[in-house]
A.B. asks: 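This is the structure I have questions about; it appears just below.
Quantities reported herein were computed from a predicted structural model and do not represent experimental measurements. Every chain is numbered from 1 and lettered A, B, ... according to where its sequence line falls, protein lines coming before strand lines.
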Amino acid sequence: MLHQFMMEKSYKYYKISRVDMAYWLLKTEPDEFSIDDLEKLASGVEPWDGIRNYQARNIMRDQIQVGDLAFIYHSSCKQVGVAGIAKVVKAAYPDPAQFNPESKYYDPKSTQDNPRWVCIGVKFEAKFSNLVSLKEIKANEQLLDMALVKQGRLSVQPVRQSEWKIINKLANKN
DNA sequence: GCCAACGTTGGC
DNA sequence: GCCAACGTTGGC
């Protein structure tokens, strides 16, 4: 099986079998950072920081690679759904926010020698003219196995190649 | 290592 | 703003 992932339920760990690239989904609250903010970035590269969940961290640390593509998903807002695509341009590195007492992502238990949290660097790739809503996704039988549907709260999650294609198709139709 | 209490996510 | 689902913490 290519570009697919298996889930070992007991470990709550998604293991990707990859050939050359893989697909992901990154959640963001558009009030804080949206696909438009990503598009407008002068520097191009956005540190995907502030992830404070071990499962999400492990996926970034162990599996996401430069060149992978990710859906940008807008959550906790009026229009919930997949808003566009980003490209991974930087592999996992320690999230600087964890060391900054001023940051809301500050973690006093994290040290420079033994950082607890990582982030990745992403770059704008595309914006969907109309987002693919969560409702549409849930209405599609072929998307019911998505982590997005099965495990609502994971902020960094894998996407199967088949799911990637279907959602792109839905985006083009909208 | 169990599990109750508590905190957070995120759809609605 | 409500609340279900689930993650985290900490006492024992």
A.B. asks: Take the protein atom CG of A/N53 and the nucleotide atom P of B/dT9, then report the distance between them rounded to whole Å.
C.D. replies: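 It is 9 Å, rounded to the nearest whole Å.
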A.B. asks: Looking at B/dG11, B/dG10, C/dG10, which one has an atom nearest to any side-chain atom of A/L134?
C.D. replies: B/dG11
A.B. asks: Any luck finding a side-chain donor-acceptor pair between A/Q151 and A/Q55 under 3.5 Å?
C.D. replies: yes
A.B. asks: Out of C/dT8, C/dC6, C/dG10, which has the shortest distance to the side chain of A/Y54?
C.D. replies: C/dT8
A.B. asks: Whole angstroms only, please: what is the CD-C1' distance between A/Q55 and B/dT8?
C.D. replies: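 In whole Å, B/dT8 C1' and A/Q55 CD are 15 Å from each other.
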A.B. asks: Between P on B/dG11 and CG on A/D31, what's the gap in Å once rounded to a whole number?
C.D. replies: 13 Å
A.B. asks: Which is true for A/K138 with a 4.0 Å heavy-atom rule: it touches a base, it touches only sugar-phosphate, or it touches nothing?
C.D. replies: sugar-phosphate
A.B. asks: From CD1 of A/I51 over to C1' of C/dT8, roughly how many Å is that when rounded to an integer?
C.D. replies: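 About 17 Å, once rounded to whole Å.
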A.B. asks: Is it the case that the ring center of A/Y54 lies less than 6.0 angstrom away from the ring center of A/W117?
C.D. replies: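 Yes: the rings meet the under 6.0 Å criterion.
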A.B. asks: Counting heavy atoms from C-beta on, name the nucleotide in B/dG10, B/dG11, C/dT9 closest to the side chain of A/K27.
C.D. replies: B/dG10
A.B. asks: Measuring centre to centre across the rings, with the benzene-like ring taken for any Trp, is A/F71 within less than 6.0 Å of A/W164?
C.D. replies: yes
A.B. asks: Check whether any side-chain nitrogen or oxygen of A/Q151 sits under 4.0 Å from OP1 or OP2 of B/dT9, and answer yes or no.
C.D. replies: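 It does not, given that no N or O in the side chain of A/Q151 lies less than 4.0 Å from OP1 or OP2 of B/dT9.
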A.B. asks: Would A/D107 and A/R52 count as a salt bridge (charged side-chain N to carboxylate O under 4.0 Å, His left out) if you check the C-alpha gap in whole Å, the side-chain angles of each, and the deciding distance to 0.1 Å?
C.D. replies: CA-CA 9 Å; A/D107 185 344; A/R52 295 294 180 269; 5.4 Å; no
A.B. asks: Are the charged groups of A/E136 and A/K169 less than 4.0 angstrom apart, N to O?
C.D. replies: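 Answer for the salt bridge query: no.
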A.B. asks: Just call it for A/S75: base, sugar-phosphate, or nothing, with non-hydrogen atoms closer than 4.0 Å on any strand.
C.D. replies: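 The answer is sugar-phosphate, as A/S75 gets under 4.0 Å only of primed atoms, P, OP1 or OP2.
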A.B. asks: Nearest whole angstrom, please: distance from the C1' of B/dT9 to the CD of A/Q157.
C.D. replies: 13 Å
A.B. asks: Quick one: A/R116 CZ to C/dT9 C1', roughly how many Å, whole number?
C.D. replies: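 Taking atom C1' of C/dT9 as the reference, CZ of A/R116 is at 11 Å.
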A.B. asks: Whole angstroms only, please: what is the CD1-P distance between A/I137 and B/dC12?
C.D. replies: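 For the pair A/I137 CD1 and B/dC12 P, the rounded distance is 11 Å.
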A.B. asks: Quickly work out the A/W117 CH2 to C/dG7 C1' distance and round it to whole Å.
C.D. replies: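 In whole Å, C/dG7 C1' and A/W117 CH2 are 10 Å from each other.
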A.B. asks: With respect to the phosphate group of B/dG11, does any side-chain polar atom (N or O) of A/Y73 fall under 4.0 Å of OP1 or OP2?
C.D. replies: yes
A.B. asks: Report the nucleotide, chosen from B/dG10, B/dC12, C/dC6, that has the shortest atom-to-atom distance to any side-chain atom of A/R153.
C.D. replies: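 The answer is C/dC6, which lies nearest to the side chain.
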